[in-house]
Colleague: 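Just dropping this structure here.
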Amino acid sequence: MKVLIVGSGGREHAITTSVAKSPKVDKIYCAPGNAGIGQIAECVDIGAMEFDKLVDFAKEKEIDLTVIGMDDPLVGGVVDKFEEAGLRVFGPRKNAAILEGSKAFSKDLMKKYNIPTAGYENFDSPEEAMKYLETAKMPIVLKADGLALGKGVLICQTREEAMEGVKTLMLDKKFGEAGNTIVIEEFMTGKEVSVLSFVDGKTIKIMTSAQDHKRAKDGDQGLNTGGMGTFSPSPFYTDDVDEFCKKYIYQASVDAMAAEGRPFTGIIFFGLMLTEDGPKVLEYNARFGDPEAQVVLPRMKNDIIDVFEACIDGKLDEIDLEFEDNAAVCVVLASDGYPVSYEKGFEIKGLEQFDGKDGYYVFHAGTKLDDGKIVTNGGRVLGVTAKGDTLKEARANAYEATKLIDFDNKYMRTDIGKEL
Ligand code: AMP
Ligand code: GLY
């Protein structure tokens, strides 16, 4: 079969790598892709938001299955466009992708269906938001309602900071329309865990757990980023936590979406915080995590095409998801200065040393081909993933592997998975 993957980051490289393993697949296209994806798929110069062009391409090439990796096109309704054209596509429709696209929607959904999450209020007036903050308990969390590249969340220690935050989001519109509505929510503490799942509208199958490191610097210091590294499984995701989430969170979320007339098909990513009062949902995403996918997918034993098709056909109950009994760690190699400002265009050396190296992966995030050379083309450049029997071993392997790659301004955290 012929598969089209939409997106251009490390997540899409991880998805493409899994798809390429399937004996059912003869040809993979990726729009727009990157230099690493280009080694296993044919990259097509169509942007992820160019829906009509994507649909025309899929028709022209007689694509059997399209997989949408990124949040923006999902929230924008790309799946509906493909379905209207009679094409098979993996991902939630627009009315279900709202689970990620609107934090106000997802908070209201959780409240209505008693899914554990932080207490909150939604505001579309800055004056009302500020009035609420006058007597609210600090610290407090402000969230832009819409998509903001994971950066629309402000943790405010003081009332002054929170008032300033309302101004940033709602009046200065730092994240544009995404800040027209904001969620103000209770500050929680605890370990964070990412749990990805496949969903077919009614059945949900949970993947192995993972944990991201969102801050730019060691010791969780510095600015929030798209993610500087991940490990899987999370030792904090115990059987008790799993049991609680199965009882109160996972199926409840899928049932809630179905009950609202918004059946969800695709990936639900649960961002959980393990608080003293039990696990609570921090956020939902409607796609694989990035870089969570880079540690979860290499450990998955199933043919990913079977799972995608079961989701589309509403037959996920027939699939047994299986993961290797090992661990994986992904260390992101970034450009120094990310997430604020950084240079691009430096040649990346050493990549060939990973060819045929079992248990190791280099997922490209921000790279491109320039005159036959692979050069840096983004803040997050590569994700170096290694497996090991234990997390400790996987971590040692991943850091050893980062030494094989060199480019100017290479920057990484040195403590991914360190506390384990
Ligand atoms: P989100 O995009 O909603 O996952 O938020 C980004 C990050 O902000 C999370 O990974 C948490 O580290 C932090 N965060 C979000 N909501 C809360 C909260 N209610 N309490 C504490 N930290 C939070
Ligand atoms: N790693 C967090 C995310 O994909 O949103």
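Residues take their numbers from the sequence shown, with the count starting at 1. Keep in mind it's a predicted model, so treat the numbers as computed, not measured. In listed order, ligands and their atoms are each counted from 1. Because only heavy atoms are used, hydrogens play no part in the values below, and waters and symmetry mates are left out as well, while side chains stay in.
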Colleague: Give the numbers and elements of all ligand 1 atoms closer than 4.0 Å to a heavy atom of Phe187.
Modeller: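 Counting atoms of ligand 1 from 1, those under 4.0 Å from Phe187 are 20 (N), 21 (C).
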
Colleague: Closer than 4.0 Å and a protein heavy atom, does any atom meet both conditions relative to atom 17 (C) of ligand 1?
Modeller: yes

Colleague: When you check the gap from the basic side-chain N to the acidic O, do Lys387 and Glu324 get nearer than 4.0 Å?
Modeller: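 Glu324 and Lys387: salt-bridged.
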
Colleague: With heavy atoms only and a cut-off of under 4.0 Å, state how Leu282 meets ligand 1: side chain, backbone, both or neither.
Modeller: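 Both backbone and side chain.
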
Colleague: Are any of the side-chain heavy atoms of Thr367 and Val375 separated by less than 4.5 Å?
Modeller: no

Colleague: When the aromatic ring centroids of Tyr250 and Phe270 are compared, is their separation below 6.0 Å?
Modeller: yes

Colleague: To the closest 0.5 Å, what do you measure between SG (Cys330) and CD (Glu292)?
Modeller: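 Result: 9.5 Å between the selected atoms.
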
Colleague: Could you name the option among Gln294, Arg287, Lys214 that has the heavy atom nearest to atom 3 (C) of ligand 2?
Modeller: Arg287

Colleague: Check each atom of ligand 1 against the heavy atoms of Lys103 and keep those under 4.0 Å away; list them by number with element.
Modeller: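 Going through ligand 1 atom by atom, the ones under 4.0 Å from Lys103 are 1 (P), 2 (O), 3 (O).
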
Colleague: Could you please spell out the steps behind the side chain to side chain contact (heavy atoms under 4.5 Å, CB included) verdict for Met412 and Tyr399?
Modeller: CA-CA 10 Å; Met412 65 184 155; Tyr399 273 104; 4.1 Å; yes

Colleague: To check your reading of the model: name the closest protein heavy atom to atom 3 (O) of ligand 1, its residue, and the distance in Å.
Modeller: Lys143 NZ, 3.0 Å

Colleague: On the 0 to 90° scale, with breaks at 30° and 60°, tag the Phe363-Tyr361 ring pair as parallel, tilted or perpendicular.
Modeller: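 It falls in the parallel class, under 30°.
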
Colleague: As an exercise, identify every atom of ligand 1 less than 4.0 angstrom from a heavy atom of Glu185.
Modeller: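 Under 4.0 Å from Glu185, ligand 1 has these atoms: 16 (N), 17 (C), 18 (C), 19 (N).
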
Colleague: Heavy atoms only, cut-off 4.0 Å: how does Thr230 contact ligand 2, side chain, backbone, both, or neither?
Modeller: neither

Colleague: State if Gly289 counts as touching ligand 2 under the rule of any non-hydrogen atom under 4.0 Å.
Modeller: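 Checking ligand 2 against Gly289, which is what was asked, there is a heavy-atom contact under 4.0 Å.
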
Colleague: Quick check on the 6.0 Å ring-centre criterion: do Phe308 and Phe90 meet it?
Modeller: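 Under 6.0 Å, so yes.
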
Colleague: Please verify whether a non-hydrogen atom of Phe269 lies at under 4.0 Å from ligand 2.
Modeller: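 It does, in that a heavy atom of Phe269 comes within the 4.0 Å cut-off of ligand 2.
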
Colleague: Do His213 and Phe231 have their ring centres less than 6.0 Å from each other?
Modeller: yes

Colleague: With heavy atoms only and a cut-off of under 4.0 Å, state how Glu186 meets ligand 1: side chain, backbone, both or neither.
Modeller: backbone

Colleague: As an exercise, identify every atom of ligand 1 less than 4.0 angstrom from a heavy atom of Lys214.
Modeller: 10 (O)

Colleague: Among Thr275, Ile155, Leu154, Ile140, which one has a heavy atom closest to atom 23 (C) of ligand 1?
Modeller: Ile155

Colleague: Mind checking whether Glu292 contacts ligand 2 via backbone (N, CA, C, O), side chain (CB onward), both or neither, at a 4.0 Å heavy-atom cut-off?
Modeller: side chain

